[in-house]
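The figures here come from the full heavy-atom set of this structure, side chains too, leaving out hydrogens, waters and symmetry mates.
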Number of protein chains: 2
Amino acid sequence: MTTQPSARERVLQAYEDLLINDGPRAATLDAVAAAAGVSKGGLLYHFKSKEALTAGLVDKMREMAELDFALMAKDPDGCAKYYVRTSVFGGTTFDRTIVAAMRLAQGDDSTVRAAFSEIHASWYRLILGDIKDPSVARAVMLLGDGLYYNAALFGLPAHAGNDAGPDGSVDVQSLLGVVDRMASGARA
Amino acid sequence: MTTQPSARERVLQAYEDLLINDGPRAATLDAVAAAAGVSKGGLLYHFKSKEALTAGLVDKMREMAELDFALMAKDPDGCAKYYVRTSVFGGTTFDRTIVAAMRLAQGDDSTVRAAFSEIHASWYRLILGDIKDPSVARAVMLLGDGLYYNAALFGLPAHAGNDAGPDGSVDVQSLLGVVDRMASGARA
DNA sequence: TGTACTGTACCGACTAGACGGTTTAGACTA
DNA sequence: TAGTCTAAACCGTCTAGTCGGTACAGTACA
C-alpha cells in the first residue's frame with residue numbers, strides 16, 4: 001500500500017503528463033496545477049517559477065538515469081540490447097520522464113538539452129564498453145534514439161506493442177535480433 | 001540569375017529558419033514577418049493565420065518528399081543507404097524543411113504529425129523494397145530517424161561533420177558501412 | 001489622353017485574451 | 001507555531017488576429 005504521493009510529486013507527474021499528451025504549449029502553470037489537483041498558489045509554493053518546475057523535471061530525469069546506468073551496466077544481455085530493449089516504450093516512469101523532457105528539449109531551455117547530452121554520453125560509453133566498434137555502438141544508439149523520438153513525437157502506445165506494422169509500431173524481439181547480429185559482427 | 005524570391009517564399013523561408021534556430025516559441029508572427037523583411041500585415045495577406053502558415057510549410061514538405069522518393073528509388077547504392085546518407089544533415093533545403101517541421105511536430109498541430117507519418121510510411125516501403133527483411137528495414141529507418149531527430153533537437157552542424165566523437169557528431173562513412181553489413185546479411 | 005475604378009500587395013496601430021508570476025487573506029494540521 | 005496549502009484578485013507582457021489605410025498596376029471607357 002503506497003502512501004498518497006505528495007503535492008510536489010503530483011505536480012511533477014501532472015507536468016509530465018501534460019507535456020506528453022498535449023505538448024509544451026498546453027503545459028501552463030494553471031493547467032499543471034489543475035491536473036495535479038492543486039491550486040496555482042500551491043504549485044508555486046513548491047516550484048517558485050516555471051523554470052524551477054522544469055529544473056525539477058530535469059533533476060528527476062538525472063536521478064532516474066543514474067539508476068538506469070547501474071541496471072544497464074550489469075544486464076546479462078549486454079548494454080546494447082538493454083538500451084534498445086528499454087528504448088521501446090514500456091510505460092516505465094523513466095520512459096515517461098524522458099519523453100516529457102524530450103518534448104521540452106526543442107524549446108529555449110538549454111538546461112534540458114544539456115542534461116540529455118550528458119545522459120546520452122553516458123549511454124554511449126556503456127554501449128561502447130559492450131560493443132567495441134564505435135560505428136556499431138553509434139548505430140545502436142541511433143536506433144534507440146529513433147525509437148524514443150518516435151515515441152515522443154507520435155505518442156506513446158498504451159500497450160507494449162509487439163507487432164511490426166508499417167504504421168510505426170515495432171517488434172522488439174526482431175529488432176533485438178538485428179542488434180545481436182550487428183554486435184556479434186563487431187565483436188568478432 | 002535567379003529572380004528575387006516572392007514575399008510568400010521569403011515568409012516560408014523565415015519561418016523555417018526561426019523554427020530551426022530558435023524553436024517554435026520564438027517563431028511568432030511578428031518575428032517571422034521581421035525576418036522575412038515583411039510587415040505583419042503583409043505576412044497575413046499571404047497566410048491568413050498561423051495555422052495556414054504551418055499548413056504552407058507542410059505542403060512544401062510534402063512536395064519535396066515526392067521529389068525525394070523519386071531520387072531514393074533510383075539511387076545506385078540502394079534505398080537503405082540513400083536514406084541513411086541523406087538523414088545526416090547536409091544542409092539541403094529539404095533537410096531544413098524537415099527539421100523545421102519536426103520542431104513543430106510535438107505541438108498541438110496534428111496535421112504536421114500526419115504528414116510525417118505518411119512520409120515515414122513511404123520511406124519504409126522504399127527501404128523494404130531494397131532490404132527484404134522487415135526487421136532490418138525497420139532498424140535502418142530508426143537509425144536514420146535518430147540522426148534526424150538529433151539534428152532537430154541538438155542543432156544542425158554548420159559543417160557536414162566527418163568525425164565521430166562521443167559529443168554526437170557522426171561519421172557517415174562508417175555508419176554506411178554498418179548499414180551495408182546489415183543489408184547484405186539480410187539479403188543473403 | 002485622361003479619368004474612374006478594381007484587385008493585389010502590403011503596412012502598422014490596435015485589441016482581446018492568455019500566460020507567468022505576485023500578492024493577500026485565510027484555513028487546516030502535525 | 002510553523003509549514004502546507006487554498007482561493008482569488010491582480011499586473012505586465014506577449015501574441016494571434018483585426019482593421020483601416022496606402023501604393024500601384026492594370027483596364028475599361030468616354
Student: Of all residues at least two apart in sequence or in a different chain, which pass the side chain to side chain contact (heavy atoms under 4.5 Å, CB included) check with A31(A)?
Tutor: L18(A), T28(A)

Student: Roughly how far, to the nearest 0.5 Å, is CG of D77(B) from CG of L176(B)?
Tutor: 8.0 Å

Student: Run the side chain to side chain contact (heavy atoms under 4.5 Å, CB included) test against S49(A) and tell me which residues pass, sequence neighbours left out.
Tutor: E51(A), A52(A)

Student: Who are the salt bridge (charged side-chain N to carboxylate O under 4.0 Å, His left out) partners of D75(B), not counting sequence neighbours?
Tutor: R85(B)

Student: Anything under 3.5 Å between a protein N or O and an N or O of nucleotides 1-5 of chain D, put it in a table, one pair a line.
Tutor:
residue, atom, partner, partner atom, Å
dT4(D), OP2, Y45(A), OH, 2.3
dT4(D), O5', Y45(A), OH, 3.4
dC5(D), OP2, H46(A), NE2, 2.6
dC5(D), O5', H46(A), NE2, 3.4

Student: Under 4.0 Å from a heavy atom of chain A: give me the 5'-most and 3'-most nucleotides of DNA chain C that qualify.
Tutor: dC19(C) to dT22(C)

Student: Who passes ring-ring contact (aromatic ring centres under 6.0 Å, His included) against Y15(B), sequence neighbours left out?
Tutor: none

Student: Does R8(B) have any salt bridge (charged side-chain N to carboxylate O under 4.0 Å, His left out) partners at least two apart in sequence or in another chain, and if so, which?
Tutor: none

Student: Which residues pass the salt bridge (charged side-chain N to carboxylate O under 4.0 Å, His left out) test with E118(A), sequence neighbours left out?
Tutor: R62(A)

Student: Give every residue pair that meets the salt bridge (charged side-chain N to carboxylate O under 4.0 Å, His left out) criterion with at least one member in residues 37-50 of chain B, sequence neighbours excluded.
Tutor: D30(B)-K40(B)

Student: For I119(A), what residues pass the side chain to side chain contact (heavy atoms under 4.5 Å, CB included) criterion, not counting sequence neighbours?
Tutor: M61(A), A65(A), F69(A), W123(A)

Student: Quick one: list whatever passes salt bridge (charged side-chain N to carboxylate O under 4.0 Å, His left out) with D59(B), sequence neighbours left out.
Tutor: none

Student: Quick one, give me the B/S/- string for nucleotides 8-18 of chain D, reading 5' to 3', where B means a protein heavy atom under 4.0 Å from the base and S means that only happens at the primed atoms, P, OP1 or OP2.
Tutor: -------SBBB

